[in-house]
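Please read the structure below before turning to the comments.
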Amino acid sequence: FSGLVAGLPKKKTLSILHAFVSEMARIASEFGGEVVDCAGDRIMAVFWRPHNNNDRQPIYDAICCGFWMQTVMDRAFRSVLVQKHLPSVSCGIGIDYGEVIATRVGIRNRNKLVLLGSAANVAAKLEDAAAEGQTVVSPVVYDHRPSFMSVDNGWLFQPHPSWHAPACYMSNTVFKNDNTRREYVRR
């Protein structure tokens, strides 16, 4: 979005940003996530589970959400922008799983929810490492990804070349169609 700000009138840039953030927040909500932070064109969604609950459902929800976001960007969002003679945009997504502490910081009536812990930091770094249209996941997310996300079903994950020990995995795969996504979401 930084390039858009320099090359487009402010009103068009803000319109695209608003549409992007609104659509990504809607998708996160559809998969059981909640957007807890938005800074410019970067959003952070969390998929909560109670403390001391080892259910891996949040991993399943987060990875399906991330790939559905890429699918929507690939199949819908960019084509709408092109139809309106606006520049195309894309996003990189980073996903990690782990325990975080959620707290509010700031002064009265002007505070912000902050997530403390390595999972939040690693997810942000993975997003930074993701190229346009790419989803980068940590080893724990890769190891616990849904079983349908296999090479046999056309899901390709490769070790990220610039991420070392432990290796993270990147993919440009998107859902083939909306019907298959619905089956996976409602498992």
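As the structure is a computational prediction, the values presented were derived from the model and not from experiment.
What you find for Ala120 and Val100 is that their closest heavy atoms are N-CG1, 4.0 Å. Residues Leu81 and Pro87 come closest through the heavy atom pair CD1-O, 3.5 Å. Residue Ala119 comes nearest to Tyr97 through the heavy atom pair CB-C, 3.9 Å, listed as atom of the first residue, atom of the second, then distance. Closest heavy-atom contact between Ala102 and Leu115: CB-CD2, 3.7 Å. For the pair Phe47 and Pro58, the tightest heavy-atom approach, listed with the atom from each and the gap, is O-CB, 3.4 Å. For the pair Cys65 and Ala28, the tightest heavy-atom approach, listed with the atom from each and the gap, is SG-CA, 3.6 Å.
Two residues are said to be in side-chain contact when any heavy atoms from C-beta on lie closer than 4.5 Å; Arg145 and Phe157 meet this criterion.
Within the model, atoms CG of Leu113 and OG1 of Thr103 stand 8.0 Å from one another, a figure rounded to the nearest 0.5 Å. Ile59 CD1 to Gln57 CD: the interatomic distance, rounded to the nearest 0.5 Å, is 10.0 Å. Atom CZ of Arg56 is separated from atom CD1 of Ile63 by 13.5 Å, given to the nearest 0.5 angstrom. With values rounded to the nearest 0.5 angstrom, Met149 atom CE is found 4.5 Å from Cys64 atom SG. Between the CZ atom of Arg78 and the CG atom of Leu86 there is a distance of 14.5 Å, given to the nearest 0.5 Å. Summarising the geometry, atom CD1 belonging to Ile93 is positioned 12.0 Å from atom CG belonging to Leu126; distances are rounded to the nearest 0.5 Å.
Put simply, Tyr60 and Tyr142 are part of the same group of oily side chains (I, L, V, M, F, W, Y) that touch within less than 4.5 Å, one to the next. Note: the hydrophobic cluster containing Met44 does not contain Trp68 (ILVMFWY, side chain heavy atoms under 4.5 Å, direct or indirect links). Linking Ile, Leu, Val, Met, Phe, Trp and Tyr residues whenever their side-chain heavy atoms come within less than 4.5 Å places Val89 and Ile43 in a single cluster. In this structure, Phe77 is a member of the same hydrophobic cluster as Val35, with clusters built from ILVMFWY side-chain heavy atoms closer than 4.5 Å. Cluster annotation: Leu17 is not connected to Val82 through the hydrophobic network of ILVMFWY side chains, with a link wherever side-chain heavy atoms come within less than 4.5 Å.
The closest donor-acceptor contact from the side chain of Thr71 to the backbone of Phe67 lies under 3.5 Å. In this structure, the side chain of Ser171 engages the main chain of Leu156 through a donor-acceptor pair within 3.5 Å. No donor-acceptor distance shorter than 3.5 angstrom exists from the side chain of Gln134 to the backbone of Gly94, with no hydrogens or angles considered.
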Please walk me through it: do Met73 and Met24 pass side chain to side chain contact (heavy atoms under 4.5 Å, CB included)?
-> CA-CA 9 Å; Met73 290 297 291; Met24 296 302 111; 3.8 Å; yes
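Listed by chain and number, the residues in a side chain to side chain donor-acceptor pair (under 3.5 Å) with Asp128 are Arg42 (sequence neighbours excluded). Looking at residues two or more places apart in sequence or on another chain, you find a side chain to side chain contact (heavy atoms under 4.5 Å, CB included) between Asn53 and Arg49, Pro50, Asp55.
If you check the side chains of Asp74 and Gln70, you find no donor sitting under 3.5 Å from an acceptor.
Exactly one residue among Ile95, Val141, Asp96 makes a side-chain contact (heavy atoms from CB on, under 4.5 Å) with Val122. That residue is Asp96.
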